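The structure appears below as structure tokens.
The shown structure was predicted, so the numbers you read here are calculated from the model rather than taken from an experiment. The residues of the chain are indexed from 1 along the displayed sequence.
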Amino acid sequence: MADNKVQETDVLQTRIAELEKANTEIRKENRAIRRKYETAQMFLERSNAYNAFKDKLLATVMAEKERQDKYFNLLLEYTQEILLLLDHNLRFVYCSRVFLGQTGITDFAAINGREFHDVFRQAAGEGAADYLLNILSAALRNNRANTVNRIIDIGTKGGPRHYTIYVSPMLDGNGVSEGALVLFQDMTEILNAKEQAEAANRAKSSFLARMSHEIRTPMNAIVGMTELALREAGGMPMLEYLANIRQAGSNLLSIINDILDLSKIESGNFYLSSAAYSLASLLNNVINVMRVRFAERSLLFLVEVDAAIPNNLTGDEARIRQILFNITSNAAKYTEKGFVKLSIQGTRLGGNSLLLTFTVADSGIGIREEDLGSLFGDFVRLDLDHNKGIEGTGLGLVITKRLCQEMGGDIRVSSVYGEGSAFTAEIVQSFSGETPLAVVEHPQTKRALLYDNRRLYSDSVFETLSNLKVPVVRTSDAETFIAEFSGGNFAFAFTSPNILEQVVASMKQPCSRTNLVLLADLGEMSSFRDIPVIAMPAYAVSVANVLNGVSLSKPERKNHVRFTAPAARVLVVDDIITNLKVSQGLLMPFKMRVDICDTGAKAVALTKTNRYDIILMDHMMPGMDGIETTASIRALEGDYFKQVPIIALTANAVSGMREMFLENGFSDYLAKPVELTRLNEVMERWIPKSKRQERKPDPQAGPFSRPGP
Ligand code: ADP
């Protein structure tokens, strides 16, 4: 019994131990399950958060897409252009509202999915539909956008419009066509505005040409009549009044010319002419005119030209003169006292190209450093406080710059305010032949003695003589000069007027074989009757002429004509009687027989019955104008009618005119108001030599030798 009990207890204890073990296992398993549960729970939570995030993101994307769709639809709705979207079968997918409005289609549903050609045939007609379909098909075929311009009448309202039509295939990410886009940009208003602007510009140009004619014609009468009146006027104050009128007249003309030039440059209608010219005569011309302007001022005008520059050049002579006049006149205007010096250099560029460099340096008011940049702008006038009373429009330099640039060069300036300025203009010209601007024959045999009390003149003449390879001795005082002069060791002796009397007195002794030459300013010239004179500024050409015994280089006097031709006959044609009188007056010194008439028809009749040596023909005339009259004369049977020189008279002095006249049968042209120098040139060129009588030497110019003892 007791054993049984013990046995039972053992069993029980074993059972308890087993149960405890099992319990421990279960707890362990429980813990593992809990851990797994917790892990699962964590994953579940994360997954929920992710899903929530995903939903939110989707909602945002959807909202953004909706927003984009909304704006895209608004764009299609409100764009003023016709925009069409087509699928790859060219059926309508979408269109902008303008298209619906214009074609009168009330709802897009009515055309949604319909063929482009079909819809367009109804909206714009068979022709337009075929045309556009061709372009669209080509764009799709070639996978390339295309732009065309065409006038199409879309819809029933508004009529035909000018469209720029842009067609483009729409490709997906892989480059496969999804369809096409067609954009019609209405250019009608822009093109109309452009047309109007062009018409206005044409009107402006023709207005300027007319204005030029209208203003220059009466100006011709004013300046020409004043010229005649000046010849007749007896004395002061009438001479002074008339000189003032003439001056104001030519100022006004130069302003008109500047404005015309600028508008021509701006409208792109500016052309340079190209003709052979002589640099020497161009310079003579500029210096003769400028020297008159300097004569009224207490300013020395100096010219230094490299004598070796080729003389025979090709280019637009008148425009080069304009450049030189502009910068030299400016220097004269803005310089109170001291000097203005024009220097000219030539640099060969290879072939027959020549770089001409004109430098005009002055000792004037100068230009502030901060103003240098704006100097070449339109209507720019600087330092107005300083420049009160100096006339100008501020157009000279801008035109000069453009002229230089047109001729392959430019203009630059350096200046010290209060001390002076130097403008350097460069242009490229072509030259023919090697004839230099000036050359002295056997220079070594022409030793020169020089004295000038005006230091700058002395320097300049010394430079010029040296440049001409003439041996020169310069003396700094009158006594040495007279002593050397009397020694007779020089071929030439150049002196200023201040010691002339002493020099002439010394010549009473029969010794000197030296040719005395006076270096005189314009105002001093008439007082020395028998001594050869070089008008200052002396420069290579005038000095070489004297050394070669060619001429005295006397400046052309105002009313001086180079020859008379009593046997020659001239016809002047102009519808304005005053102009005819002016021409008659200007031609009078040539002593030719002058006929006048006031219509083209009369001119043709007169030309048939008379043999003229030259015809001066006005351009603008009522009825038959100058061009028609010239054409009628040229069309007549016979050599005379083909060859008689017909010179156009034009107030319409716009560039390119010369070529126009030459193309229309004219031989040459003269700008009104006619300048005597130009008239001389034209007459010299066209009046046959056989009919010319050279003018007798001016009684004021002595023979080219020293006066006898
Ligand atoms: P303007 O008709 O006024 O002379 P420009 O175009 O020829 O017109 O010159 C523009 C401005 O440049 C002038 O108003 C003047 O202020 C300045 N200028 C030109 N040349 C000189 C010079 N040699 N010295 C000083 N200032 C000058």
Return the set of residues passing side chain to side chain contact (heavy atoms under 4.5 Å, CB included) with [X] (not counting sequence neighbours), or none when no residue passes.
X	answer
Leu587	Val570, Val572, Phe590, Met592, Val594, Leu616, Leu679, Met683
Glu434	Arg348, Phe431
Ser430	Thr314, Asn352
Thr435	Asn312

Excluding sequence neighbours, so at least two apart, what forms side-chain hydrogen bond (donor to acceptor under 3.5 Å, both in side chains) with [X]?
X	answer
Asp595	Arg569, Tyr612
Lys642	none
Gln322	Asp261, Arg319
Lys608	none

Report task. Evaluate the side-chain proximity of Met290 to Phe325: yes if any heavy-atom separation is below 4.5 Å, no if none is. Result -> yes

Query - Side chain proximity check, Leu355 to Ser353, heavy atoms < 4.5 angstrom - result: no

All ring pair (Phe, Tyr, Trp, His ring centres under 6.0 Å) counterparts of [X], not counting sequence neighbours:
X	value
Phe301	Phe294
Tyr277	none
Phe666	Phe661

Query raised in the report: Can Arg291 be said to sit on top of Tyr539's aromatic six-ring, NZ or CZ under 6.0 Å from centre and within 45° of the ring axis?
Result: no

Query raised in the report: Atom CG in Leu670, atom CD1 in Ile647: separation rounded to 0.5 Å?
Result: 6.5 Å

**Report entry** Arg685 and Glu681 ion-paired at < 4.0 Å
**Finding:** no

Query raised in the report: What salt bridge (Lys or Arg N to Asp or Glu O under 4.0 Å) pairs are there with at least one residue in residues 302-312, not counting sequence neighbours?
Result: Glu304-Lys341

